There are 2 protein chains.
Amino acid sequence: MERNTRQRQAVLDAVERGGRALTPPEILALAREAVPSLNLSTIYRQIGTLQEEARLVKVLLPGQTPRYEPVCGQVHGDAGHHHHHFHCNVCDRVFSLHACPGSMQDLVPKGFVVESHEITLHGRCPECRRGARA
Amino acid sequence: MERNTRQRQAVLDAVERGGRALTPPEILALAREAVPSLNLSTIYRQIGTLQEEARLVKVLLPGQTPRYEPVCGQVHGDAGHHHHHFHCNVCDRVFSLHACPGSMQDLVPKGFVVESHEITLHGRCPECRRGARA
DNA sequence: GTGGATGCAAACTCTTTGCACCTTG
DNA sequence: CAAGGTGCAAAGAGTTTGCATCCAC
């Protein structure tokens, strides 16, 4: 599963051009600019294989449909670089953050062992900060 | 929408007896001990009204189906007390945490405004800390 | 007795799968 | 030319809704 089809290239381009975590329908819309016949199931299948190849990461935010972002969108080339996300309450877009407060071991009562953590921030992105877009 | 039906009582009891955040099917299973005819759609409807009455909170963890916990399971009686959750990687149970690191505004680049945050910790609960249960 | 609640089944949304056709290597 | 990929449509999982019946007040 790594044939270089127009569809595969369109999906990769879309995810990279997006510059942020995209939902499958968002990827479809972007990728259709290159390949109008593109189908949602192809998106899902490519998402699957691209994840296996570690070229894409699934971004899960509480209560939201899964999104996907390219692995090498950041400064560090190492796959799966630890980071968190910001969700804009207005435009519903998701942005990657590069800061992390570090260990959360002090948040838990005695006896619990923290192995990992996820932080999601919600608020307004720069674009939506002004301009009272509902 | 606050009639005291057997079904409503069974759902409330189930959620309180659970002692932790439960999924709709888990609530159904527990509540059926009292009312065997109980239907999943009734669970969902009661979940809805109990949330409106602030007797239940929806607990959303990244990539997990929604769970629900009673509002007054904690020390503070005030509804909707801000808290976070710990997910045990071994037994898959979810525990409430009462600590919070506070504002996360310093995690975001300039221009972003943080209005709220969610933190999910993953690891091992005291019970699963030893005893190599898969 | 009346209006809200329930149970069942159908509708919906999101994702996955089966299958015939098409394309890459 | 063969293996794998694509598009379409149908199947699944989880949640919601329409509707006739039932029951708490």
Side-chain angles (χ1 to χ4, degrees), chain A residues 1-15 18 20-69 85 87 92-94 120, chain B residues 1-15 18 21-69 87 92 94:
Chain A
M1 262 194 173
E2 46 218 28
R3 249 186 221 187
N4 186 32
T5 61
R6 287 175 311 136
Q7 289 88 341
R8 173 184 167 91
Q9 201 51 57
V11 172
L12 260 175
D13 286 350
V15 170
R20 59 192 172 84
L22 300 175
T23 63
E26 284 173 335
I27 298 173
L28 179 63
L30 267 181
R32 270 193 170 157
E33 292 174 8
V35 183
S37 73
L38 246 186
N39 191 279
L40 232 204
S41 33
T42 298
I43 301 291
Y44 279 108
R45 281 189 279 231
Q46 283 298 343
I47 282 173
T49 75
L50 288 171
Q51 275 182 276
E52 285 172 14
E53 297 167 27
R55 290 158 86 29
L56 219 56
V57 222
K58 187 183 226 167
V59 175
L60 295 168
L61 303 193
Q64 309 238 345
T65 95
R67 296 162 201 253
Y68 302 85
E69 64 183 14
H85 295 89
H87 170 250
D92 199 43
R93 292 183 300 174
V94 169
T120 309
Chain B
M1 263 194 173
E2 48 218 27
R3 250 187 221 186
N4 186 31
T5 62
R6 288 175 310 137
Q7 289 88 344
R8 175 186 167 90
Q9 201 51 57
V11 172
L12 259 175
D13 286 350
V15 170
L22 301 174
T23 62
E26 284 173 334
I27 298 174
L28 178 62
L30 267 181
R32 270 195 172 155
E33 292 174 10
V35 183
S37 72
L38 246 186
N39 191 279
L40 232 204
S41 32
T42 299
I43 300 292
Y44 279 109
R45 280 189 279 231
Q46 283 298 345
I47 283 173
T49 75
L50 289 171
Q51 276 181 276
E52 284 172 13
E53 297 167 27
R55 288 155 89 28
L56 220 58
V57 223
K58 188 183 225 168
V59 175
L60 295 168
L61 302 192
Q64 310 237 345
T65 96
R67 296 162 201 251
Y68 301 85
E69 65 182 13
H87 170 250
D92 199 42
V94 169

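Within every chain, numbering begins at 1; the chains are lettered A, B, ... in the order of the sequence lines, protein sequences first and strands thereafter. Because the structure is a prediction, the values reported are computed rather than measured.
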Please walk me through it: do B/Q46 and B/T5 pass side chain to side chain contact (heavy atoms under 4.5 Å, CB included)?
CA-CA 10 Å; B/Q46 283 298 345; B/T5 62; 4.3 Å; yes
Which is it for B/D92 and B/H87 under the side chain to side chain contact (heavy atoms under 4.5 Å, CB included) test, yes or no, and what are the steps along the way?
CA-CA 6 Å; B/D92 199 42; B/H87 170 250; 2.6 Å; yes
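Minimum heavy-atom separation, B/A10 to B/L38: CB-CD1, 4.3 Å. Taking every heavy atom of both residues into account, B/L56 and B/V15 meet most closely at CD1-CG1, 3.4 Å. Listed here is the closest heavy atom pair of A/I47 and A/P24: CD1-CG, 4.1 Å.
By the side-chain hydrogen bond (donor to acceptor under 3.5 Å, both in side chains) test, A/T42 pairs with no residue at all, sequence neighbours left out.
Per the geometry, CD belonging to B/Q64 stands 16 Å off C1' belonging to D/dA13, to the nearest Å. Between A/L22 atom CG and C/dC14 atom P there is a gap of 16 Å when expressed in whole angstrom units. Taking atom CD on A/Q9 and atom P on C/dT24, their separation rounds to 13 Å, with Å as the unit. Rounding to whole angstrom units, CG of residue B/L50 and P of C/dG4 are separated by 18 Å. Counting to the nearest Å, the P atom of D/dT15 and the CG atom of B/L60 are 11 Å from each other. The distance between atom CZ of A/R8 and atom P of C/dT23, rounded to the nearest whole Å, is 19 Å. Here the C1' atom of nucleotide D/dG4 and the CD atom of A/E53 are 13 Å apart, to the nearest Å.
With hydrogens and angles ignored, the 3.5 Å screen pairs no side-chain donor or acceptor of B/R67 with any backbone N or O of B/V59.
Looking at the side chain of A/Q46, the nearest of the listed nucleotides C/dA5, D/dT16, D/dG5 is D/dG5.
Side-chain contact between A/T49 and A/R8 is present, with heavy atoms from C-beta onward closer than 4.5 Å.
With salt bridges taken as basic N to acidic carboxylate O contacts below 4.0 Å, none links A/E2 and A/R55.
At a non-hydrogen distance threshold of 4.0 Å, A/S37, A/L38, A/N39, A/S41, A/T42 from residues 28-43 of chain A come into contact with DNA chain D.
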Nucleotides 19-25 of chain D: protein proximity per nucleotide (B base, S sugar-phosphate only, - neither; heavy atom, under 4.0 Å):
----BBS
